[in-house]
There are 2 protein chains.
Amino acid sequence: MAIGIKISLNEKLFLRDPQETALGQKIIKHSILLLDEIGFEAFNFKKLAKRMESTEASVYRYFENKHLLLIYLVSWYWEWVSYLIDYNTMNIEDPKRRLKIIIETFVYASKENPAIEYVNESVLHRLIIAEGSKAYHTKAVDKENTEGFFINYLKLSQKVSDEILEIKPDFPYPHALASNLFEMANNHIYFAQHLPKLTDVTVSDENYDEVEQMIEYFAFSLLECRRDK
Amino acid sequence: MAIGIKISLNEKLFLRDPQETALGQKIIKHSILLLDEIGFEAFNFKKLAKRMESTEASVYRYFENKHLLLIYLVSWYWEWVSYLIDYNTMNIEDPKRRLKIIIETFVYASKENPAIEYVNESVLHRLIIAEGSKAYHTKAVDKENTEGFFINYLKLSQKVSDEILEIKPDFPYPHALASNLFEMANNHIYFAQHLPKLTDVTVSDENYDEVEQMIEYFAFSLLECRRDK
DNA sequence: AATCTTTGATAGTATTGCTATTATAAGAAA
DNA sequence: TTTCTTATAATAGCAATACTATCAAAGATT
């Protein structure tokens, strides 16, 4: 049961707020499960409606189309990771320790936190890994960015960037490193599972420790590095 | 006119080899232009046929569907980048210099090399930046990987990985760094253009120098780093 | 009791993603 | 030259997709 967590998202992403009604919550729940199962391309509102025992027209009353639903879920995820970072780094003073926790959070987005009953965070994480980047790789990206559709990702990136500067105030690429850590975490879990020659780590089951170690290695090499010459 | 360059691609990607016929070459040429113009989601074979003044049925004789056409174009790009790397690093002994050239090639995939008349490499590069990762983010990735659909990416990654080990033989993550350099190059050009808060570099027109500098900074920090503690 | 809102049920339309058929043109083989 | 082969064009058609519209039933609110 979610106590005190309200995921706040851009209202332009939906026609009716799905968090507010039972049907809306069912849409969120089953769209995550079905998208994870069959992938974004094969997914449509008719199949979703059938799966959740409702009708296509009802789903269309909440979301304009599946692309906006995906952005909604991805935003939900970004906001959720933000929340987890705040929660997990609370009262931790050492900025390096804080960054390690951030990396752990990127890699294990959900570990032991069943916060909101209609979202299965670990399935959502798998979905983001596989489909997340499709949310902003479209022709409408500029228009949608203007309308704030990606604000949760930008805020997450900014938060991590701030932490990076705590560790090394003169680091020249804090935003790039922040987004790269996030993308790398997702990419290399995916690569390890599907295109293992593109990475050097292996994952088994839900154990992503090697990914976590690698991202730490990359991050701290960049931040604690004195260059030879 | 292409002299001595033959881009060799997995034959399972197409029904009839498009490089072999005039119509096939028209398909390659116009699919790159149209995909760049309207994006992968809005693209279909009917629009392509209209644009190139042929018919839908004719296009279907070359490619099963637009997904396989995308993999074909992406593979073409990966192979082209491989070729450019070989060409540009020929006779360069210093491995660090070689890696710099690789990074430059990733960022400026086409600069002054109009090699094959029916492929506009700079438009293709823009297309890969925007749509490339959709080639392997699908439910069929495992099956398609088994059939060798991504072999050109794996080979490219292996090539760069070998160069990384020339510089630092005990670097623990050469494949991951290789794929990350490639993905970073594409991502941060895209971010600079569309989601600038996710990066720290700016690009103007066709000038990606800041991206190149940043990727170099990341790569050589990792490879020439002695950690403080 | 009246009415307002949400959902379900059903229908319908334009577009998409193909497949099939036939005709024609162009080139190679006889 | 004739014939054979093959590629392409032209057209049709079909099942699925991506919606939109309408209306009725069921709660919930006043």
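Quick note on labels: first sequence line is chain A, next is B, and so on, each numbered from 1. Note that the coordinates shown come from a computational prediction; the quantities given were computed from them, not determined experimentally.
Taking atom NZ of B:Lys66 as the reference point, atom P of D:dT17 lies 14 Å away to the nearest angstrom. Atom CG in A:Asn44 sits about 19 Å away from atom P in C:dT15, given to the nearest Å. Straight-line distance from the CG atom of B:Leu15 to the C1' atom of C:dT19: 13 Å, rounded to whole Å. Between A:Leu68 atom CG and D:dA18 atom P there is a gap of 14 Å when expressed in whole angstrom units. For B:Gln25 and D:dA7, the CD to C1' distance is 15 Å, given to the nearest whole Å. Spacing between atom NZ of A:Lys47 and atom P of D:dA18 amounts to 9 Å, rounded to whole angstrom units. Atom P of nucleotide D:dA7 and atom NZ of B:Lys26 are separated by 17 Å, given to the nearest angstrom. If you measure from atom CZ of A:Phe43 to atom P of D:dA16, you get 19 Å, rounded to the nearest angstrom.
Relative ring orientation between A:Tyr72 and A:Phe14 is described as perpendicular, the plane-to-plane angle rising above 60° on a 0-90° scale split at 30° and 60°. In this structure, B:Tyr153 and A:Phe191 have perpendicular ring planes: the angle between them is above 60°, well past the 30° mark. Relative ring orientation between B:Tyr208 and B:Tyr108 is described as parallel, the plane-to-plane angle staying below 30° on a 0-90° scale split at 30° and 60°. By the 30° and 60° cut-offs, the orientation of the rings of A:Tyr77 relative to A:Phe182 is tilted.
When each of D:dC19, C:dT7, C:dG8 is scored by its nearest atom to the side-chain atoms of A:Arg16, the top-ranked nucleotide is C:dT7. Side-chain atoms of B:Leu23 lie closest to D:dA9 of the nucleotides D:dA9, C:dG17, C:dG8. Side-chain atoms of A:Thr21 lie closest to C:dT7 of the nucleotides D:dA18, D:dT8, C:dT7.
Between the B:Asp205 side chain and the B:Asn207 main chain, no donor and acceptor come within less than 3.5 Å of each other.
Across the helix from C:dA1-D:dT30 to C:dA30-D:dT1, the helix axis at one end is tilted relative to the axis at the other end by 10° (nearest 10 degrees, each axis from five pairs).
Sequence order on DNA chain D of the closest nucleotides to A:Lys46 and A:Arg61 puts A:Lys46 first from the 5' end. Summary of the strand contacts: B:Ala57 and B:Gly24 both lie near DNA chain D, and taking for each the nucleotide with the nearest heavy atom, the more 5' one is attributed to B:Gly24.
Side-chain atoms of A:Glu64 stay outside donor-acceptor range of the base of D:dC19, with no qualifying N/O pair under 3.5 Å.
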Is there a side chain to side chain donor-acceptor pair (under 3.5 Å) between B:Thr21 and B:Tyr62? Walk through the geometry before answering. CA-CA 10 Å; B:Thr21 70; B:Tyr62 283 83; 2.6 Å; yes
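Aromatic ring centres of B:His194 and A:Tyr136: separated by at least 6.0 Å. Annotation: B:Tyr190 is in aromatic contact with A:His137 [ring centroid separation under 6.0 Å].
Between B:Asn65 and C:dG17, a side-chain N or O to OP1/OP2 separation shorter than 4.0 Å is absent. For the OP1/OP2 pair of C:dT6 and a distance below 4.0 Å, the side-chain nitrogens and oxygens of A:Tyr62 include no atom meeting the criterion. OP1 or OP2 of D:dA10 has not a single side-chain nitrogen or oxygen of B:Thr55 nearer than 4.0 Å. For A:Ser58 and C:dG8, the shortest distance from a side-chain N or O to OP1 or OP2 is below 4.0 Å.
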